[in-house]
Each structure stands twice: as C-alpha cells, then as structure tokens.
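Below is one structure, written out as structure tokens, with a few remarks after it.
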Amino acid sequence: MDHRPLTGQKALVTGANSGIGEGVARALAAAGADVVVNYVSAPDAAARVVRDLEASRVAAMALRADVGREDEVRAMFEKMLSAWGTIDILVCNAGLQRDAPLTTMTLADWDLVLRVNLTGMFLCAREAAREMIRRGIRPEVSHAAGKIICMSSVHELIPWAGHVNYAASKGGVRLFMQSLAQELAPHRIRVNSIAPGAIQTPINRAAWETPEALVSLLGLIPYGRIGLPEDVGKAAVWLASDDSDYVHGHTLFVDGGMTLYPEFARGG
Ligand code: BGC
C-alpha cells in the first residue's frame, strides 16, 4: 500500500491554479490531503486542477478570493469550514511580481506586491490560526494542531535590484514567519517557510524561455538545472507531515544552491 502521510487532513493552498501553488496542491493531494484550490483569476485553470486532484481519491474544491482583501479571505475560510469542518494545513503561496527600477516604480506597483505577498499571508494565517487554536490537536491525523507553510523566496535573503517591492515583501515574510512560529508554538501549531529559487513557472518566464536567458540563469544555480513545481511540492508535503514534527520556525531553501554565492566558486 502506498504511504499517504496526509490522509484525512484538510488543506488550503492559495494561488493554487498555476505555478508553484499548483505543484504544491498536486503533491498534498497525492499525499492524501483534501485540498482547497484558491485562485483569484483564471477559474478554468482552477477547475482543471480540482479535476486532477480528485483523481488522487481526495476531495478538492476551488474557491475564489483575493488574499489581500479581508472580506474575501473571511468568506473563503467560512466556505471551507462549513464544507469540510476545519483546516489542518495552510500553504500561503499566492504571490506576484511588479518589477521596475526604483525611480519608475509606482506606488500602485509597491502596494499591490506588499498587499498580496505579505498582507495576504497575514490575513490567511490569522483565519487559519483562529480555527486551529479553537479546534486543537486531532490525534487521528497529526501530532500538531495545525501546520502553516509560508511561500517565501531566495529573495528573503538575496537582495534583488529592480525588484525592491518583491524583495521587501519576502524579507517581511522571513520575520513574519519566525514571529508567528514563536507566537503559535504553545498552541502546537507549526509554522515554517519554503524559500524556492528559480522554479520554472509563469512568474519568471522571461528568465527561462530563451536559450540565452536560461544559460545566464543557470550561472546562478550551482546544481545546474532550473527547479520544477514538484520540487517545491515534495518539500511542502514533508513540512506538512509529522515526519517534520520537530521542525518549527525554519526556512527550507529549495533552490539548487542559489543561496551559496555561486560567483565565489570562481574566485574571491
Ligand atoms: C522569483 C523568480 C526568480 C527566483 C530566483 C523568485 O522568488 O519570483 O522570478 O526567478 O526568485 O531569482
């Protein structure tokens, strides 16, 4: 029999209709979790992911909500809790880039990135934590009363010229996650981050779609290949399962070594 470590657990993945979120949703479902596929646009893509997840013999449903809007986040959690009763796993994945040099970056570009990438995490984590604290541990499914996974980035550590809004949001995720981990530990809620490097998704298409761009990108990745959504999905399953029960307040870099200062392999 296959090992399905998340059997019976209820998960919500934000921004799960494409890219890393889709990869995480697929991996959680394959591990036995029922999964809410949150999306904000492209309902057809969300419906396609739901159909695929159901093939893993789990329940799945698509719920639309802009994670940066309090009323929409509340409504999404109300729907999930009334349909499935509770939440065991939250993956705060929704995120976006609006890149520009500082001197031409608009306030709208700044605000949108901070609102989705950071405020969205706060709003979703708050709703999930309220339910996890209310409910407590369900010993039949997990040692923890809940697991919250924040999708960060190598740019919680690596500064990124031309992307100050995005880098600031991910730097914020780092201390948001650590502070939340400190605060929620007494409730037995585990909080961790995954910090992906260059994963082949629509968000960074320009960095991999031409051979020249890919060669230059690979110069930043010691392991010599671009990442795939399933690389992140596998890390998320581990962080959501009791196999990582003593891992708390940690950022797991899934980056092929991008954070190893690859230039120093050639001198210094
Ligand atoms: C960004 C990608 C980028 C990667 C590595 C991610 O957080 O969203 O656009 O390719 O970091 O720089």
Side-chain angles (χ1 to χ4, degrees), residues 13-25 38-42 45 67-68 91-102 105 109-121 124 149-178 192-236 239 250-265:
V13 183
T14 65
N17 58 340
S18 74
I20 290 176
E22 176 178 347
V24 168
N38 160 259
Y39 67 100
V40 67
S41 57
V67 296
V91 183
C92 293
N93 164 82
L96 47 75
Q97 291 180 216
R98 288 293 180 274
D99 310 325
L102 176 70
M105 186 176 286
D109 292 335
W110 173 268
D111 278 344
L112 178 65
V113 169
L114 270 290
R115 186 167 65 74
V116 173
N117 297 11
L118 195 53
T119 307
M121 230 172 244
C124 291
I149 299 171
C150 301
M151 201 56 70
S152 185
S153 161
V154 291
H155 299 295
E156 74 165 44
L157 197 65
I158 304 178
W160 206 12
H163 307 75
V164 293
N165 49 359
Y166 185 82
S169 75
K170 296 301 182 179
V173 168
R174 181 180 179 83
L175 275 169
F176 171 76
M177 180 280 287
Q178 290 175 336
N192 292 286
S193 286
I194 298 174
I199 308 297
Q200 189 168 13
T201 71
I203 206 174
N204 57 2
R205 181 175 296 281
W208 51 262
E209 79 178 340
T210 67
E212 300 74 30
L214 187 60
V215 166
S216 134
L217 178 65
L218 291 179
L220 298 174
I221 308 173
Y223 198 59
R225 72 165 172 88
I226 192 165
L228 298 172
E230 48 263 44
D231 291 312
V232 182
K234 287 171 192 165
L239 281 177
H250 184 74
T251 297
L252 178 54
F253 285 83
V254 180
D255 69 349
M258 194 175 233
T259 38
L260 295 174
Y261 299 94
E263 314 82 288
F264 278 78

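For the single chain, residues carry numbers from 1 onward in sequence order. Values below: all heavy atoms of this structure, side chains included; hydrogens, waters and symmetry mates excluded. Indexing begins at 1, ligand by ligand and atom by atom, following the structure's order.
Taking the six-membered ring where tryptophan is involved, the planes of Tyr166 and His155 are perpendicular, since the angle between them exceeds 60° and thus also 30°. Between Tyr261 and Phe264, the angle of the ring planes goes over 60°, which puts this pair in the perpendicular group of the 30/60° scheme.
For ligand 1, the atoms closer than 4.0 angstrom to any heavy atom of Gln97 are 1 (C), 2 (C), 8 (O), 9 (O). With ligand atoms numbered from 1 in the order given, ligand 1 contributes 5 (C) to contacts under 4.0 Å with heavy atoms of Met258. Near Ser153, meaning under 4.0 Å from one of its heavy atoms, ligand 1 places the atoms 6 (C), 7 (O), 11 (O). Residue Ile203 has at least one heavy-atom neighbour below 4.0 Å for each of these atoms of ligand 1: 8 (O). Every atom of ligand 1 with a heavy atom of Asn204 under 4.0 Å away is listed here by number and element: 2 (C), 9 (O), 10 (O).
Note that CZ of Arg115 and CG of Leu96 are 8.5 Å apart. Values are rounded to the nearest 0.5 Å. Atoms CD and CG, from Gln200 and Leu228 in turn, are 6.5 Å apart once rounded to the nearest 0.5 Å. Put simply, CD1 on Ile221 and CG on Asp255 are 8.5 Å apart, with the number rounded to the nearest 0.5 Å.
The protein atom (non-hydrogen) at minimum distance from atom 6 (C) of ligand 1 is Tyr166 OH, 3.6 Å. Closest to atom 4 (C) of ligand 1, if we only count protein heavy atoms, is Gly197 O, 3.6 Å. Nearest protein heavy-atom contact of atom 12 (O) of ligand 1 is His155 NE2, 2.7 Å. Scanning the protein for heavy atoms near atom 3 (C) of ligand 1, the closest one is Trp160 CH2, 3.8 Å.
Pairing each heavy atom of Ala195 with each of Thr251, the nearest pair is CB-CG2, 3.6 Å.
In this structure a side-chain-to-backbone donor-acceptor pair under 3.5 Å is missing from Asn93 to Met151.
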